[in-house]
Chemist: 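What follows is a structure written as structure tokens; I'll ask about it next.
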Amino acid sequence: MDDRILPRTLKGFRDYLPQAMLVREQIMDTARRVFRSFGFSPIDTPALEYLEILLGKGGAETDKQLYRFQDHGGRDVGMRFDLTVPLARFAAQHIGELGTPFKRYHIATVWRGENTQAGRYREFMQCDFDTIGTRSTAADAETVLVAHELLRSIGFERFTIHVNNRMVLNGLLASLGLAERTTEILRAIDKLAKIGPDRVVEEMTQTAGASHEQASRVVQLVRLTGGNEAILAQLRPLLGNSPLGEEGLERLTELLSAVRAGGVPDHRIKLDVSIARGLDYYTGTVLETILDEVPDIGSVCSGGRYDNLAELYTKQQLPGIGASLGLDRLLAAMEKLGMLPETQTPAQVLLAYFDPARLGDYFQLAGALRAAGVCVEVFPEPAKLGKQLQYADRKKLRLAVIAGEREFAAGECQVKDLSTGESLTVSLADGAAELLQTVKQILGLGDANGP
RNA sequence: GUGGCUAUAGCUCAGUUGGAUAGAGCGCCAGAUUGUGGCUCUGGAGGUCAAGGGUUCGAGCCCCUUUAGCCACCCCA
């Protein structure tokens with residue numbers, strides 16, 4: 001009888017094999033580099049928070065998706081479902097020693113107990129960056145610049161950052177007397193692209209209790225098309241002299257010109273009045289980034305301004321703006337686009353363990369190569385050379401370094417290029433200087449004198 | 001969370017109206033080739049047919065439950 005345990009993972013939770021993990025780490029490295037280049041500092045917070053910290057921050061839906069339980073001490077706790085709410089708590093708690101403005105990035109796992117789909121998991125990773133303690137539109141514009149730079153650095157060219165400002169929508173709703181039903185209205189607006197204007201009107205009248213005329217006014221505004229300038233011009237007369245709407249408009253205008261000045265080409269930034277976002281805490285700028293080739297995968301980098309989030313934890317005014325890069329959604333997109341490399345190991349060089357009596361020499365050579373910045377793997381057993389080369393070939397290593405009795409006797413070794421099959425013989429004299437030089441040159445590592 | 005579709009070897013998939021030891025391609029391991037990978041040839045390992053229960057003389061196939069994946073709704077990274 002087989003009473004062994006079935007090896008399996010929970011729905012929406014996944015293992016990451018080396019091939020997947022190498023890309024994940026590469027993207028995280030890229031994100032870190034971009035964040036740091038804009039002056040964002042790293043932080044981390046606990047996976048587990050007191051339930052009261054997390055509840056009611058993102059809306060009814062996120063409350064439902066929250067993983068919650070009692071810990072061994074009977075405390076009600078929850079696993080973070082995003083990195084923004086923990087940031088609000090973190091800022092309220094530490095802003096005194098951090099000072100404002102405070103810019104941080106946070107790359108970490110979050111959990112949501114929702115139903116899974118392609119590119120949607122219950123455990124996934126976000127790369128967040130936020131600026132706390134300023135209402136300046138410059139921070140909003142910089143957020144867009146970072147999003148743009150992130151996508152570019154990861155290797156995307158065809159994508160569009162959709163921006164909007166909730167003040168515009170809220171201003172209109174207030175002037176229409178629909179302020180009380182903002183959440184329902186915004187939710188309906190979000191579906192515009194998917195279900196079309198008629199059904200959006202229908203949903204607004206049914207679920208938000210709007211009149212047909214009110215709903216039509218909202219949809220008219222949200223449907224505006226054309227270039228960014230054209231939309232701005234059309235927007236103004238539709239806002240019914242709402243001061244809030246006016247401010248939103250001004251901020252959008254300022255944002256768009258700042259972003260353009262910052263180097264984002266016009267075709268990658270689009271004013272889209274229908275971008276509302278479901279999270280309750282957004283108050284101003286909102287943004288979503290859609291990959292033009294795989295729009296169905298949804299936004300891969302989104303966020304917005306939340307000027308009241310920390311007020312739940314502190315009296316101090318802590319406005320903030322930020323966005324989140326969805327690592328796992330991005331990977332799903334890259335897979336669809338065939339952008340994932342087949343790399344299965346970080347090793348660049350296989351050092352063949354060939355002569356059983358020479359292990360010490362192999363370790364010494366490997367050490368010298370590593371000190372020169374090369375990732376080297378020594379084959380773990382003195383197997384047949386053919387087998388070792390086959391292993392290196394399959395794992396797609398670039399080079400094999402081969403030294404047996406003959407080479408050692410002559411004070412040299414072979415450097416074999418696994419893609420061409422060509423082999424060079426180099427000297428091991430002077431601390432294997434020629435070997436190091438050759439390997440670095442082939443791998444394009446360059447040294448202090450190199451290009 | 002609700003609804004629909006799906007689950008056969010590591011991967012992609014065959015498997016007839018329910019019928020005998022469940023197959024193929026690719027991959028993997030070994031040998032041909034004990035100092036040189038990718039090609040070729042030969043041999044081999046690998047499956048409680050997702051799990052559990054039921055109907056039947058007999059279930060990979062039919063029924064129920066569970067789990068997981070995909071799709072839609074919802075929402076979102």
Side-chain angles (χ1 to χ4, degrees), chain A residues 1-14 17 27 31 58-65 81-84 107-128 147 150 183 186-188 190-191 194-195 199 203 207 275-280 282 286-291 296-303 323-333 350 352-356 379 382-397 399-408 413-423:
Chain A
M1 290 298 104
D2 192 349
D3 57 354
R4 276 175 295 193
I5 299 159
L6 190 68
R8 56 185 185 152
T9 54
L10 285 163
K11 180 186 179 72
F13 291 71
R14 301 163 299 153
L17 273 56
I27 293 175
E61 200 58 39
T62 48
D63 284 359
K64 270 194 268 172
Q65 296 177 359
F81 67 90
D82 72 2
L83 300 178
T84 304
I107 298 176
T109 307
V110 303
W111 296 269
R112 292 182 194 174
E114 64 176 330
N115 237 340
T116 56
Q117 241 173 72
R120 293 175 65 162
Y121 311 99
R122 290 184 169 175
E123 177 181 67
F124 60 97
M125 187 159 271
Q126 295 193 320
C127 311
D128 265 41
L150 278 171
T183 303
L186 293 186
R187 192 161 295 158
D190 247 354
K191 296 181 193 168
K194 191 172 283 181
I195 67 178
R199 290 181 54 196
E203 179 165 331
T207 69
I275 297 291
R277 305 201 47 71
L279 262 37
D280 289 349
Y282 292 121
V286 286
L287 65 112
E288 293 191 349
T289 309
I290 305 294
L291 301 172
D296 48 301
I297 212 137
S299 172
V300 293
C301 184
S302 26
S324 179
L325 182 75
L327 183 67
D328 294 279
R329 195 171 271 195
L330 204 60
L331 284 164
L350 178 82
Y353 181 8
F354 187 27
D355 183 340
F379 200 81
K384 290 199 304 188
L385 190 55
K387 182 178 173 176
Q388 299 192 39
L389 290 173
Q390 190 179 51
Y391 168 86
D393 184 52
R394 267 194 209 127
K395 290 278 177 77
K396 305 229 179 341
L397 278 77
L399 297 174
V401 170
I402 302 164
E405 200 50 48
R406 292 207 294 263
E407 285 81 3
F408 280 120
C413 72
Q414 293 179 47
V415 177
K416 187 181 177 80
D417 186 321
L418 289 164
S419 55
T420 65
E422 284 166 22
S423 190

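In what follows, every chain begins at residue 1, and chains take the letters A, B, ... in the order their sequences are listed. As a basis for the values below, the full set of heavy atoms in this structure was taken, side chains included, without hydrogen atoms, waters or symmetry mates. Model, not experiment: these values are computed from the prediction.
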Chemist: Taking atom P in both B:U16 and B:G54, compute the distance separating them and give it to the nearest angstrom.
Modeler: 25 Å

Chemist: So, is A:Arg394 near the phosphate of B:C28, with a side-chain N or O under 4.0 Å from OP1 or OP2?
Modeler: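 So the side chain of A:Arg394 is within the cut-off, an N or O lying under 4.0 Å from OP1 or OP2 of B:C28.
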
Chemist: When rounded to the nearest Å, what value does the distance between C1' atoms of B:C11 and B:G31 take?
Modeler: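 My reading of the C1' atoms in B:C11 and B:G31 gives 25 Å.
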
Chemist: Would you call A:Asp328-A:Arg14 a salt bridge at under 4.0 Å N-O?
Modeler: yes

Chemist: Taking for each residue the nucleotide of RNA chain B bearing the nearest heavy atom, is the 5' side occupied by A:Phe13 or by A:Val300?
Modeler: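 It is A:Phe13 whose nearest nucleotide is closer to the 5' end.
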
Chemist: Once you apply a heavy-atom cut-off of 4.0 Å, does A:Gly303 come out as touching a base, just sugar-phosphate, or nothing?
Modeler: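 The residue A:Gly303 makes no contact with any strand.
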
Chemist: Rounding to an integer number of Å, can you tell me how far A:Glu123 CD sits from B:A68 C1'?
Modeler: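 Going from A:Glu123 (CD) to B:A68 (C1'), I get 16 Å.
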
Chemist: What's the verdict on side-chain contact (heavy atoms from CB on, under 4.5 Å) for A:Leu287 and A:Ile275, showing C-alpha distance, side-chain angles and the deciding distance?
Modeler: CA-CA 7 Å; A:Leu287 65 112; A:Ile275 297 291; over 6 Å; no

Chemist: Take atom CZ of A:Arg120 and atom P of B:C74, then tell me their distance rounded to the nearest Å.
Modeler: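 Taking atom P of B:C74 as the reference, CZ of A:Arg120 is at 11 Å.
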
Chemist: Provide the distance between the two C1' atoms, one in B:C62 and one in B:G44, to the nearest whole Å.
Modeler: 37 Å

Chemist: Please tell me if A:Arg8 has a side-chain N or O lying less than 4.0 Å from either OP1 or OP2 of B:A7.
Modeler: no

Chemist: Hey, which of these two, A:Leu10 or A:Asp328, hits RNA chain B nearer its 5' end, going by closest nucleotide?
Modeler: A:Leu10

Chemist: Specify the separation, in whole Å, of atom NZ of A:Lys395 and atom C1' of B:C28.
Modeler: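 So the two atoms are 13 Å apart, to the nearest Å.
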
Chemist: In whole Å, what is the span from the NZ atom of A:Lys194 to the C1' atom of B:C74?
Modeler: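 For the pair A:Lys194 NZ and B:C74 C1', the rounded distance is 9 Å.
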
Chemist: Go through A:Arg122 and A:Glu114 one step at a time and tell me if the salt bridge (Lys or Arg N to Asp or Glu O under 4.0 Å) criterion holds.
Modeler: CA-CA 6 Å; A:Arg122 290 184 169 175; A:Glu114 64 176 330; over 6 Å; no

Chemist: Less than 4.0 angstrom from a charged side-chain N to a carboxylate O is my criterion; do A:Lys416 and A:Glu422 meet it?
Modeler: no

Chemist: Rounding to the closest angstrom, what is the interatomic distance between B:G58 and B:G18 at atom C1'?
Modeler: 8 Å

Chemist: In this structure, how many angstroms lie between the C1' atom of B:G69 and the CZ atom of A:Arg122, rounded?
Modeler: 12 Å

Chemist: Is the shortest side-chain heavy-atom distance between A:Thr84 and A:Asp128 below 4.5 Å?
Modeler: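 Yes, close enough: below the 4.5 Å cut-off.
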
Chemist: I'd like the P distance from B:A24 over to B:A9, given in whole Å.
Modeler: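 Approximately 14 Å lies between the P atom of B:A9 and that of B:A24.
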
Chemist: Can you tell me how far C1' of B:C73 sits from CD of A:Gln65, to the nearest Å?
Modeler: 14 Å

Chemist: What interatomic distance, in whole Å, is found between P of B:A7 and the corresponding atom of B:C74?
Modeler: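 One P to the other, the span is 28 Å.
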
Chemist: For A:Glu288, does its backbone N or O pair with a side-chain atom of A:Ser302 as donor and acceptor, under 3.5 Å?
Modeler: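 No; judged by distance alone, with no hydrogens or angles, the pair does not exist.
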
Chemist: Side-chain contact test, heavy atoms from C-beta onward, threshold under 4.5 Å: evaluate it for A:Gln126 versus A:Leu327 and give yes or no.
Modeler: no

Chemist: Using a cut-off of 4.0 Å on non-hydrogen atoms, how would the nucleic acid contact of A:Lys191 be classed: base, sugar-phosphate, or nothing?
Modeler: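 A:Lys191: backbone/sugar contact only, no base atoms under 4.0 Å.
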
Chemist: Once you round to the nearest 0.5 Å, how far does CG of A:Leu399 lie from CD of A:Gln414?
Modeler: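 Between atom CG of A:Leu399 and atom CD of A:Gln414 there are 12.5 Å.
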
Chemist: Would you indicate, yes or no, if B:G69 has its OP1 or OP2 atom less than 4.0 angstrom from a side-chain nitrogen or oxygen of A:Thr116?
Modeler: yes

Chemist: List the protein contact pattern of nucleotides 30-42 of chain B with one symbol per nucleotide (5' to 3'): B for base contact, S for sugar-phosphate-only contact, - for none; contact means a heavy-atom distance under 4.0 Å.
Modeler: SS---BBBB----

Chemist: Using the C1' atom as the point on both nucleotides, what is the distance between B:G19 and B:G25, in whole Å?
Modeler: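 Those two atoms are separated by 27 Å.
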
Chemist: Calculate the interatomic distance between A:Ile297 atom CD1 and B:A72 atom P; express it in whole Å.
Modeler: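 Distance, rounded to whole Å: 11 Å.
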
Chemist: Stems in RNA chain B: runs of 3 or more consecutive Watson-Crick or G-U pairs, distances under 3.5 Å?
Modeler: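 Listed by first number, the stems are B:1-7 with B:67-73, B:10-13 with B:23-26, B:28-32 with B:40-44, B:50-54 with B:62-66.
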
Chemist: In the structure I gave you, are the side-chain heavy atoms of A:Lys11 and A:Thr116 within less than 4.5 Å of one another anywhere?
Modeler: yes

Chemist: Could you tell me whether A:Tyr121 and A:Phe13 have their ring centroids closer than 6.0 angstrom?
Modeler: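 Ring centres of A:Phe13 and A:Tyr121 not closer than 6.0 Å.
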
Chemist: Rounding to an integer number of angstrom, what distance separates B:A51 and B:A68 when you compare their C1' atoms?
Modeler: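 Their C1' atoms lie roughly 10 Å apart.
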
Chemist: Does a salt bridge link A:Lys191 with A:Glu203, judged by any charged N lying under 4.0 Å from a carboxylate O?
Modeler: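 Result for this pair is yes, salt bridge flagged.
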
Chemist: In whole Å, I'd like the distance from the NZ atom of A:Lys11 to the C1' atom of B:U66.
Modeler: 12 Å

